[in-house]
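First up is the structure itself, then whatever we jot down about it.
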Amino acid sequence: MDAKAAGNSVHFYATMNVDKASVRRPAVSLQCSPVFRKERKNLQLLVSRNAGQKAGSRIELPAAGVSCSYKKFPGSTLDTESLWSSFDNGLMLKDKSQEIASFLDGRCIYLVGMMGSGKTTVGRILADVLGYCFRDSDKLVEQACGKSVAELFQLYGEGYFREKESEALRTLSLMHRLVVSTGGGAVVRPINWKYMRRGITVYIDVPLEALAKRISAVGTASRPLLHHESGDAYTKALTRLSTLFEERADDYANANARVSLENMAAKMGHRDVSNLTPSIIAIEALEQIEYYLKQKEGTNL
Ligand SMILES: Nc1ncnc2c1ncn2[C@@H]1O[C@H](COP(=O)(O)OP(=O)(O)O)[C@@H](O)[C@H]1O
Ligand SMILES: O=C(O)C1=C[C@@H](OP(=O)(O)O)[C@@H](O)[C@H](O)C1
């Protein structure tokens, strides 16, 4: 059996021996959610099945031994179960976003959390499934000033950047239907909360060790606050992140909803958070937003 992604679907084809001739015919097609559609370019399916399939016999896909190489996650070979999980995740994202969309009523979602916590990565997925636009407050500052965040810190200092960050958040707070990835330090200024409170704030809570691992893998050039310590990249990042987190922990706790990767990993029986994909985290974010809307606002979802 082989498979081909096309349009909104993945089509599976069965090759059978009929009267000694090899016949390839469509077996089954699966509709894909928008999230999966977007990612399907990266999916290569290699489907192996025992030879000798009789013409007309029913094909049971889960038993077909589907193996996938998913280029977005280098080196990972997903088994059949994971293939279905990625379908499931796409469907769950779509379902959950549809459930809460009308109750959000166009309100913006502000993602807060430490540097590298996945605000941008998860934010893009959320915007996609909710039919919202995605905005990154750092990018807005960079566009307004014509300089990178690192240059702004270097040329004018952190205070100047924080002013510009507040201006960007004020501008964003006047808009609707946005998922906003905020800079990790946006939470320290009370005025920013005034702006973000016009929408729903979600804290992505990632263990510092995982953050240091991610950040040391991509480098600290674009994150000036992590650029000064001595030592190897991981230890430098972890030391600085720990200090910053101590200063900010209470501010992050102000968010309306919290997505704790540690709690998620524990619930799913994972030893650490490294198996939690951005899609799974986005689903949890939608769950937590729903919980907030139900509990805190008394919405009857
Ligand atoms: N769930 C995840 N698992 C592993 N790596 C992730 C995950 N989410 C994000 N990353 C990676 O971590 C880095 C920082 O993510 P990013 O979304 O830019 O964070 P932020 O916007 O909060 O600074 C990126 O290299 C990204 O690919
Ligand atoms: O934590 C912080 O103070 C900062 C986080 C950065 O954004 P990300 O959280 O997107 O990396 C950026 O705003 C700036 O480097 C300062």
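When a ligand or atom number is given, it counts from 1 through the structure's own listing order.
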Any Lys/Arg nitrogen of Arg162 or Glu158 sitting under 4.0 Å from an Asp/Glu carboxylate oxygen of the other? yes
So Phe153 and Phe161, would you call those rings parallel, tilted or perpendicular, with 30° and 60° as cut-offs? tilted
Whether the Thr120 and Ser181 side chains hold a donor-acceptor pair (N or O, under 3.5 Å, no angle test) is what I'd like checked. yes
Polar side chain donor-acceptor pair, Asp205 to Ser260, under 3.5 angstrom: no
Evaluation steps, side-chain hydrogen bond (donor to acceptor under 3.5 Å, both in side chains), between Tyr234 and Asp232: CA-CA 6 Å; Tyr234 173 83; Asp232 69 278; over 6 Å; no
Check Glu142 with Lys147, please: is the shortest side-chain N to carboxylate O separation under 4.0 Å? no
Please tabulate, one line per pair, the protein nitrogen or oxygen atoms found under 3.5 angstrom from a nitrogen or oxygen of ligand 1, with distances to 0.1 Å, or say none if there are no such pairs.
| from | atom 1 | to | atom 2 | distance (Å) |
| --- | --- | --- | --- | --- |
| ligand 1 | 1 (N) | Leu276 | O | 3.0 |
| ligand 1 | 17 (O) | Thr120 | N | 3.4 |
| ligand 1 | 17 (O) | Thr121 | N | 2.9 |
| ligand 1 | 17 (O) | Thr121 | OG1 | 2.5 |
| ligand 1 | 19 (O) | Gly118 | N | 3.1 |
| ligand 1 | 21 (O) | Thr120 | N | 3.0 |
| ligand 1 | 21 (O) | Thr120 | OG1 | 2.6 |
| ligand 1 | 22 (O) | Ser117 | N | 3.2 |
| ligand 1 | 22 (O) | Gly118 | N | 3.1 |
| ligand 1 | 22 (O) | Lys119 | N | 2.9 |
| ligand 1 | 22 (O) | Lys119 | NZ | 2.9 |
| ligand 1 | 23 (O) | Gly116 | N | 2.9 |
| ligand 1 | 23 (O) | Arg223 | NH2 | 2.8 |

So which residues, sorted by chain and number, lie with a heavy atom under 4.0 Å of ligand 2? Met115, Lys119, Asp138, Val149, Phe161, Arg162, Gly183, Gly184, Gly185, Arg223, Pro224, Leu225, Arg248
Could you walk me through whether Glu167 and Arg170 pass the side chain to side chain contact (heavy atoms under 4.5 Å, CB included) check? CA-CA 5 Å; Glu167 279 174 31; Arg170 191 185 66 79; 5.6 Å; no
Exactly one of Val259, Asn275, Ile283 should register a side-chain contact (heavy atoms from CB on, under 4.5 Å) with Met264. Which one does? Val259
For the side chain of Arg258 and the backbone of Tyr203, is there at least one donor-acceptor N/O pair under 3.5 Å apart? no
